[in-house]
Amino acid sequence: MTPIYFTITSTFILGLTGLAFNRSHLLSALLCLEGMMLSLFLALAIWSMTMNSPSLSLAPMILLTFSACEASSGLALLVAATRTHGTDHLNNLNLLQC
């Protein structure tokens, strides 16, 4: 395994473990998701560059667009939860209650 692939894989695994074990704040969960999406973007960009296919060159930009949409909707949920509940602690947010 080359060092660049090891770095991308370890970045994704680090984001996944941060998402699994650090569930105290919504902002930290959103940052872990964003780190995972950026590592996927880098992996897809490197993979499309090594394949030299013109049809694969658009895929990283589509993933980056979806990542930006995910980040904006996550921040909108963070602002809405902070305004209604006063905090972004995930254990204080009861999703079954109106």
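Note that the coordinates shown come from a computational prediction; the quantities given were computed from them, not determined experimentally.
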(request) Considering non-hydrogen atoms only, spot the tightest contact between Gly15 and Cys32 and give its length. (result) O-CB, 3.6 Å
(message) As an exercise, state the distance from CE of Met36 to CG of Leu31, rounded to the nearest 0.5 Å.
(response) 13.0 Å
(request) Search all heavy atoms of Ser39 against all heavy atoms of Ile8 and return the closest pair with its distance. (result) O-CG2, 3.5 Å
(message) Nearest 0.5 Å, please: how far is CG in Leu42 from OG1 in Thr7?
(response) 10.0 Å
(message) Do Phe66 and Phe41 sit in one hydrophobic cluster, given that two such residues count as connected whenever their side-chain heavy atoms are within less than 4.5 Å of each other, even indirectly?
(response) no
(message) Quick one: does any side-chain atom of Thr9 pair with a main-chain N or O of Phe6 as donor and acceptor, under 3.5 Å?
(response) no
(request) First locate atom CG of Leu63, then atom CD of Glu70, and finally report the distance between them rounded to the nearest 0.5 Å. (result) 10.0 Å
(message) Please report the interatomic distance CG(Leu14) to CG(Leu19), rounded to the nearest 0.5 Å.
(response) 11.5 Å
(message) Is there a side chain to side chain donor-acceptor pair (under 3.5 Å) between His89 and Thr87? Walk through the geometry before answering.
(response) CA-CA 6 Å; His89 286 121; Thr87 183; 3.0 Å; yes
(message) If you compare all heavy atoms of Pro60 against all heavy atoms of Ser48, which two are closest, and at what distance to 0.1 Å?
(response) CG-OG, 3.9 Å
(message) Would you compute the distance between atom CZ of Phe21 and atom OG of Ser28 and round it to the nearest 0.5 angstrom?
(response) 14.0 Å
(request) Check whether any side-chain heavy atom of Leu58 lies under 4.5 Å from a side-chain heavy atom of Ile62, and answer yes or no. (result) yes
(message) Return the CZ to CG distance between Phe12 and Leu40, rounded to the nearest 0.5 Å.
(response) 5.0 Å
(request) Looking only at non-hydrogen atoms, find the nearest pair between Gly35 and Thr11 and report the distance. (result) O-CG2, 4.4 Å
(request) Check Leu30 against Gly74 and note the closest heavy-atom contact, atom names and distance. (result) CD1-O, 3.4 Å
